[in-house]
Amino acid sequence: MHFLVLTSSPNIDGLTAACTSAALEGIRQAGSSADEIRLNDYRVGMCEACGNGWGTCQADHSCQVLDDFQALHERALKADGLVLISPVYWGEMSESAKAFTDRLRRCEASSGRDSRLAKKPVLAVAAAGGSGGGMITCLLSMERWIQHVQARPFDLIPVNRWSREYKLKAIQAAAFSMSSNPAW
Ligand SMILES: Cc1cc2nc3c(=O)[nH]c(=O)nc-3n(C[C@H](O)[C@H](O)[C@H](O)COP(=O)(O)O)c2cc1C
């Protein structure tokens with residue numbers, strides 16, 4: 001199986017990066033493959049709410065705002081599952097994660113049960129490296145996103161600097177379990 005690990009921190013050696021390494025390790029241990037996508041390295045603008053609120057996302061399930069989104073959208077559809085790892089900013093996903101997931105949701109949630117992400121497992125991780133707060137509100141919006149695109153919430157893991165040591169092990173174990181599950 002092949003997974004896409006989407007990360008959204010500008011920091012290349014912070015908590016988000018440590019969570020990403022743990023997830024990649026779990027996937028590889030299970031004999032699956034993964035591509036890491038550092039969303040901050042791509043040009044993905046925010047949704048422009050085209051037309052009266054819907055653009056081509058509604059009928060064609062593609063985004064008319066042309067940038068790096070289209071290629072990443074294709075890669076997400078080809079993957080057997082996703083790992084979404086975001087630093088917690090103001091109790092929410094970071095801006096790069098929000099921009100990408102907002103546009104992906106519009107394209108796929110508008111298909112209802114025919115969403116091309118339907119039933120794909122998603123492991124979501126909220127990494128709070130500051131006050132340590134806001135992990136749950138961040139995961140809440142990640143969970144809502146998973147529901148809207150009809151994917152499966154394989155697990156939702158909060159991590160902060162106090163829980164880091166044992167949560168990295170949990171992330172690795174969750175990624176291993178998700179990518180060795182024959183159910184998908
Ligand atoms: C704009 C902004 C808002 C933040 N808000 C929170 C927050 O609500 N809770 C928290 O624990 N940390 C917060 N932080 C700290 C980040 O979660 C912390 O830097 C985290 O470790 C980011 O991951 P990184 O280590 O990969 O950079 C914030 C950081 C920034 C830049």
Side-chain angles (χ1 to χ4, degrees), residues 2-30 32-49 65 67-69 71-73 75-76 79 81-106 121-149 151 153-179:
H2 183 71
F3 291 83
L4 215 54
V5 179
L6 298 155
T7 74
S8 60
S9 172
N11 193 356
I12 57 167
D13 62 359
L15 184 57
T16 308
C19 296
T20 304
S21 299
L24 289 169
E25 184 59 25
I27 292 168
R28 286 188 193 122
Q29 278 174 346
S32 288
S33 59
D35 287 338
E36 178 189 353
I37 305 284
R38 285 178 36 82
L39 288 167
N40 292 63
D41 292 344
Y42 291 82
R43 201 169 49 88
V44 176
M46 63 182 274
C47 170
E48 295 184 9
V65 179
D67 55 18
D68 290 338
F69 174 80
L72 295 177
H73 186 187
R75 289 174 75 176
L82 305 175
V83 180
L84 179 58
I85 304 175
S86 180
V88 175
Y89 285 179
W90 314 110
E92 297 174 13
M93 283 183 257
S94 68
E95 290 81 356
S96 60
K98 187 80 175 86
F100 180 67
T101 55
D102 275 352
R103 289 170 67 188
L104 190 52
R105 170 163 54 189
R106 277 182 172 262
V122 180
L123 169 60
V125 176
S131 65
M135 296 180 289
I136 299 305
T137 45
C138 181
L139 287 178
L140 208 58
S141 65
M142 290 165 136
E143 183 187 41
R144 244 192 332 263
W145 181 85
I146 292 167
Q147 287 166 346
H148 285 152
V149 299
F154 183 80
D155 205 352
L156 307 166
I157 302 182
V159 52
N160 63 21
R161 56 198 150 110
W162 302 292
S163 65
R164 174 184 174 128
E165 196 183 332
Y166 62 90
K167 286 293 178 63
L168 289 180
K169 290 180 190 147
I171 292 164
Q172 185 173 334
F176 176 88
S177 178
M178 181 172 80
S179 48

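The residues of the chain are indexed from 1 along the displayed sequence. All ligand and atom numbering here is 1-based and tracks the order in the structure. What you see is a predicted model; the values in this text were computed from it and never measured.
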Trainee: Check each protein residue for a heavy atom under 4.0 Å from ligand 1 and list those that pass, ordered by chain and number.
Mentor: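 Around ligand 1, where the cutoff is 4.0 Å for heavy atoms, the contacting residues are Ser9, Asn11, Gly14, Leu15, Thr16, Pro87, Val88, Tyr89, Trp90, Gly91, Ala127, Ala128, Gly129, Gly130, Ser131, Gly132, Gly133.
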
Trainee: Would the distance check show the side chain of Ser86 and the main-chain N or O of Ala97 forming a donor-acceptor pair, the cut-off being under 3.5 Å?
Mentor: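 Between the backbone of Ala97 and the side chain of Ser86 there is no qualifying donor-acceptor contact (under 3.5 Å).
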
Trainee: Give the C-alpha distance, both sets of side-chain angles, the deciding distance and a yes or no for side chain to side chain contact (heavy atoms under 4.5 Å, CB included) between Val122 and Met142.
Mentor: CA-CA 10 Å; Val122 180; Met142 290 165 136; over 6 Å; no

Trainee: Which pair of heavy atoms, one from Arg106 and one from Cys47, lies closest together, and at what distance?
Mentor: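 Scanning both residues, the minimum pair turns out to be NE-SG, 3.0 Å.
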
Trainee: Tell me if a side-chain donor or acceptor on Lys167 pairs with a main-chain N or O of Pro158 at a distance below 3.5 Å.
Mentor: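 Present.
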
Trainee: In this structure, which one of Ile37, Asp155, Ile27, Leu24 forms a side chain to side chain contact (heavy atoms under 4.5 Å, CB included) with Val83?
Mentor: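 The passing option is Ile27.
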
Trainee: Pairing donors with acceptors under 3.5 angstrom, does anything connect the side chains of Thr16 and Thr7?
Mentor: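 Side chains of Thr16 and Thr7: no pair found under 3.5 Å.
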
